[in-house]
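Residue numbers count from 1 along this sequence.
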Amino acid sequence: MKVPVFLATSLLAGCASLLPTSRQDVNNPWNDFDQAKKSFDEIVPYATDMDTVRKLGFDPYKTPNMQILNHSQVVRAVLPSPLQDRATIPPGILDCMKAQEGCVGYFMEPSRIERNRVGNFTLDFLNFKRDTLTTGWKFGALIVVIDNQVVFKQWSGRPRIEETELRRNPLGPLQGIGESLKPVP
């Protein structure tokens, strides 16, 4: 009886392809960080209108997961503190503050993130050791519009995400059993 279990375990030990994978893809028109940044760079404050912004892929009603901000949310997102020297506030944000309800911000974070468990299948399956590799990219864009014209833009992001998470459980499948034995209040 021990031979079939040993044989099965030995065969599965090399089957890294059996390890779980996941992909988080915030639906967007760009394949990578550089494409998103290139589209964003084509937006010019006080020169670009919303039709052009939409054509570049930043359409709040067609691009999923785009957040619409009111003027006070825009100001909070851009200024580190509300009591700031007026000379240091960007002109587009000053105009937004003046326009009040006429100012709208559009914020989005397109990304592509993949999580792959790597390593030994048996150790992973039995919960002794789980090694996860996370790769991808994330781009953040804030576009501020008054009367159909862009007045301010700001970006941030992570062009190359590469993280490794290693979890070790010395007791393997028994590691969490103590929690399940606690009485429910």
Side-chain angles (χ1 to χ4, degrees), residues 17 19-119 130-167:
S17 64
L19 293 172
T21 61
S22 71
R23 181 180 175 129
Q24 175 187 350
D25 193 5
V26 177
N27 196 0
N28 64 77
W30 306 285
N31 293 320
D32 59 32
F33 181 90
D34 292 332
Q35 283 183 352
K37 177 78 167 73
K38 184 178 179 194
S39 291
F40 183 82
D41 287 344
E42 291 184 38
I43 299 170
V44 179
Y46 295 99
T48 304
D49 63 8
M50 272 306 289
D51 289 336
T52 304
V53 169
R54 287 183 191 98
K55 289 175 189 167
L56 292 170
F58 300 96
D59 188 335
Y61 298 102
K62 290 185 181 170
T63 306
N65 304 311
M66 197 161 193
Q67 186 177 0
I68 300 173
L69 307 174
N70 63 38
H71 69 283
S72 62
Q73 291 170 315
V74 168
V75 172
R76 276 196 305 267
V78 175
L79 300 181
S81 68
L83 302 173
Q84 191 170 337
D85 181 22
R86 193 173 181 88
T88 63
I89 299 174
I93 299 304
L94 282 173
D95 290 343
C96 180
M97 292 164 66
K98 291 175 193 170
Q100 299 267 324
E101 296 300 321
C103 176
V104 177
Y106 301 105
F107 178 73
M108 69 182 304
E109 286 184 306
S111 65
R112 289 223 161 81
I113 309 289
E114 288 191 34
R115 287 176 188 79
N116 296 304
R117 296 242 283 272
V118 295
R130 290 204 170 146
D131 196 357
T132 306
L133 176 62
T134 303
T135 58
W137 60 273
K138 186 178 231 178
F139 183 80
L142 172 64
I143 301 165
V144 180
V145 177
I146 299 173
D147 297 327
N148 205 37
Q149 183 180 52
V150 175
V151 295
F152 180 81
K153 69 177 191 169
Q154 187 175 50
W155 72 275
S156 63
R158 297 173 65 187
R160 182 176 171 193
I161 297 171
E162 192 170 307
E163 301 169 351
T164 301
E165 178 187 353
L166 179 60
R167 286 191 333 188

Participant: Identify which one of Arg115, Glu114, Glu165, Glu162 satisfies the side chain to side chain contact (heavy atoms under 4.5 Å, CB included) criterion when paired with Thr134.
Facilitator: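 It is Arg115; the other options fail the test.
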
Participant: If you take all heavy atoms of Glu42 and Leu56, which pair is closest and at what distance?
Facilitator: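 Nearest pair, atom of Glu42 first, then Leu56: OE1-CD2, 3.4 Å.
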
Participant: Please report the shortest heavy-atom distance between Pro110 and Trp30, naming the atom on each side.
Facilitator: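 Between these two residues, the closest heavy atoms are CG-CZ3, 3.7 Å.
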
Participant: Enumerate the residue pairs fulfilling side chain to side chain donor-acceptor pair (under 3.5 Å) with a member in residues 87-99, sequence neighbours excluded, ordered by first and then second residue.
Facilitator: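 Of all non-adjacent pairs touching residues 87-99, those that pass side chain to side chain donor-acceptor pair (under 3.5 Å) are Tyr46-Asp95, Gln84-Thr88.
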
Participant: Distance from Phe139 atom CZ to Ser156 atom OG, nearest 0.5 Å?
Facilitator: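 Phe139 atom CZ to Ser156 atom OG measures 7.5 Å (nearest 0.5 Å).
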
Participant: Rounded to the nearest 0.5 Å, what separates atom CD1 in Ile161 from atom CD1 in Ile113?
Facilitator: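 Ile161 atom CD1 to Ile113 atom CD1 measures 3.5 Å (nearest 0.5 Å).
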
Participant: Does any non-hydrogen side-chain atom of His71 lie less than 4.5 Å from one of Met97?
Facilitator: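 No, their side chains stay 4.5 Å or more apart.
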
Participant: Given Leu69 and Leu142, is the side chain to side chain contact (heavy atoms under 4.5 Å, CB included) satisfied, shown in steps?
Facilitator: CA-CA 10 Å; Leu69 307 174; Leu142 172 64; 3.8 Å; yes

Participant: For residues Pro159 and Asp34, determine if any side-chain heavy atom of one lies less than 4.5 Å from a side-chain heavy atom of the other.
Facilitator: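 They are not in contact (no side-chain heavy atoms under 4.5 Å apart), so the answer is no.
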
Participant: Do Asp41 and Lys37 meet the salt-bridge criterion of a basic N to acidic O distance under 4.0 Å?
Facilitator: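 Yes, charged N to carboxylate O under 4.0 Å.
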
Participant: Identify the two heavy atoms, one from Met50 and one from Pro60, that lie closest to each other, and give their separation to 0.1 Å.
Facilitator: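 It is CE-CD, 4.1 Å.
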
Participant: Should Tyr61 and Ile68 count as side-chain neighbours, where that means a heavy-atom distance under 4.5 Å?
Facilitator: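 When only atoms from C-beta onward are counted, Ile68 and Tyr61 do touch, with a gap below 4.5 Å.
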
Participant: Grab the two heavy atoms, one from Asn31 and one from Arg112, that are nearest each other, plus how far apart they are.
Facilitator: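 Minimum heavy-atom separation between Asn31 and Arg112: CA-NH1, 3.1 Å.
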
Participant: Could you go through the side chain to side chain contact (heavy atoms under 4.5 Å, CB included) check for Ile43 and Thr52 one step at a time?
Facilitator: CA-CA 8 Å; Ile43 299 170; Thr52 304; over 6 Å; no

Participant: Hey, mind stepping through Asp49 and Gln149 against side chain to side chain contact (heavy atoms under 4.5 Å, CB included) and telling me if it holds?
Facilitator: CA-CA 4 Å; Asp49 63 8; Gln149 183 180 52; 5.5 Å; no

Participant: Please name the pair of heavy atoms, one in Cys96 and one in Val74, separated by the smallest distance, quoted to 0.1 Å.
Facilitator: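 Taking Cys96 first and Val74 second, the nearest heavy atoms are SG-CG1, 4.1 Å.
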
Participant: Looking at CG of Asn70 and CD of Gln100, how far apart are the two atoms once the value is rounded to the nearest 0.5 Å?
Facilitator: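 Here the interatomic distance stands at 10.0 Å.
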
Participant: If you define the side chain from C-beta out and look only at heavy atoms, does anything of Ile143 sit under 4.5 Å from Thr48?
Facilitator: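 Not in contact.
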
Participant: Hey, could you give me the CG/CG distance between Leu133 and Leu166, rounded to the nearest 0.5 Å?
Facilitator: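 Atom-to-atom, Leu133:CG and Leu166:CG are 12.0 Å apart.
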
Participant: Could you pull out the closest heavy-atom pair between Lys153 and Pro45, with the gap in Å?
Facilitator: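 Reported closest heavy-atom pair: CG-CG, 4.2 Å.
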
Participant: Any idea how Phe40 and Phe58 line up, ring-wise: parallel (<30°), tilted (30 to 60°), or perpendicular (>60°)?
Facilitator: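 Correct class here is perpendicular.
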
